[in-house]
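Bear in mind the structure is a predicted one, so any value in this text is a computation, not a measurement.
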Amino acid sequence: MKHVSIGWFEIPVEKMERAMAFYEAVFDCKLNRHHMGPIDMAWFPWDESRLGAGGSLVKAEGYYKPSTEGTKIYFSSEDVNVELSRIEKAGGKIIQPKTEISPDIGFMALFHDSEGNEIALHSKQ
């Protein structure tokens, strides 16, 4: 069977500064901002030699609209409670606390980011 994986993701934003501050606080990282013509992007740090996909916040009028009804992205975590502890202080809202999926799959949680997108977390513990 062919393996299908995510190669890149984009999270729509309305206010780039607010969204960058939110994600930098929640994930304790620094995003790298780029302007590509009319598109404003802030890239999450990633290492192409490791597992996982890179991605970006994107502000592009008429291209994307933040929503809780679109595709759901799961960010990997060592323990979802670490990021959950930062979400509300950063301007987001926890929708579902750490919940066991199954003993072999691990745990998940859901939150709304500062822009109104519904995002998920996943950890093995």
(request) Count the heavy atoms of every other residue, nucleotide or ligand shown that sit under 6.0 Å from NZ of K72, and state whether that count exceeds 12. (result) yes
(request) Over all heavy atoms of both residues, which pair between S56 and W43 is shortest? Give the atoms and the distance, please. (result) OG-CD1, 3.2 Å
(request) Spell out, as yes or no, whether a donor-acceptor pair under 3.5 Å connects the side chain of T99 to the backbone of P97. (result) yes
(request) Look at atom CG of L51 and say whether more than 12 heavy atoms of other residues, nucleotides or ligands are closer to it than 6.0 Å. (result) no
(message) For the OG atom of S85 and the NZ atom of K98, what is their distance to the nearest 0.5 Å?
(response) 11.5 Å
(message) Taking V82's backbone N and O only, do any of them form a donor-acceptor pair with D79's side chain (distance below 3.5 Å, no angle check)?
(response) no
(request) Could you tell me the separation between the CG atom of N32 and the CE atom of M41, rounded to the nearest 0.5 Å? (result) 11.0 Å
(message) Distance check, rounded to the nearest 0.5 Å: H122 atom NE2 versus S76 atom OG?
(response) 7.5 Å
(request) Assess whether atom NZ of K124 is packed by more than 12 heavy atoms of other residues, nucleotides or ligands within 6.0 Å. (result) yes
(message) Using modelled atom types and a 3.5 Å cut-off, is there a donor and acceptor pairing between side-chain atoms of K59 and backbone atoms of A42?
(response) no
(message) Could you measure the distance from the CD atom of E118 to the NZ atom of K93? Nearest 0.5 Å is fine.
(response) 10.5 Å
(message) To the nearest 0.5 Å, what is the distance between CD on E14 and CD on E115?
(response) 6.0 Å
Which pairs would a plain distance check flag for residues 63-70, meaning a side-chain donor or acceptor within less than 3.5 Å of a matching protein atom at least two apart in sequence or in another chain?
| residue | atom | partner | partner atom | Å |
| --- | --- | --- | --- | --- |
| Y64 | OH | E10 | OE1 | 2.3 |
| S67 | OG | E69 | N | 2.8 |

(message) How long is the straight-line distance from CD of E83 back to OG of S123, given to the nearest 0.5 Å?
(response) 8.0 Å
(message) Whether the side chain of N117 engages the backbone of H112 through a donor-acceptor N/O pair (distance < 3.5 Å, no angle test) should be reported.
(response) no
(request) Count the heavy atoms of every other residue, nucleotide or ligand shown that sit under 6.0 Å from CD of E78, and state whether that count exceeds 12. (result) no
(message) Please determine whether residues F107 and I105 belong to a single hydrophobic cluster, defined as Ile, Leu, Val, Met, Phe, Trp and Tyr linked transitively by side-chain heavy-atom distances below 4.5 Å.
(response) no
(request) List, by chain and then residue number, the residues other than L31 in its hydrophobic cluster (Ile/Leu/Val/Met/Phe/Trp/Tyr, side-chain heavy atoms under 4.5 Å); write none if there are no others. (result) F9, I11, V13, M16, M20, F22, Y23, V26, F27, F44, L57, I73, F75, V80, L84, I87, I94, F111, I119, L121
(message) Under 4.5 Å between side-chain heavy atoms, counting indirect links through other Ile/Leu/Val/Met/Phe/Trp/Tyr residues: same cluster for M36 and V58 or not?
(response) yes
(message) Within a 6.0 Å radius of atom CD1 on I6, are there more than 12 heavy atoms belonging to other residues, nucleotides or ligands?
(response) no
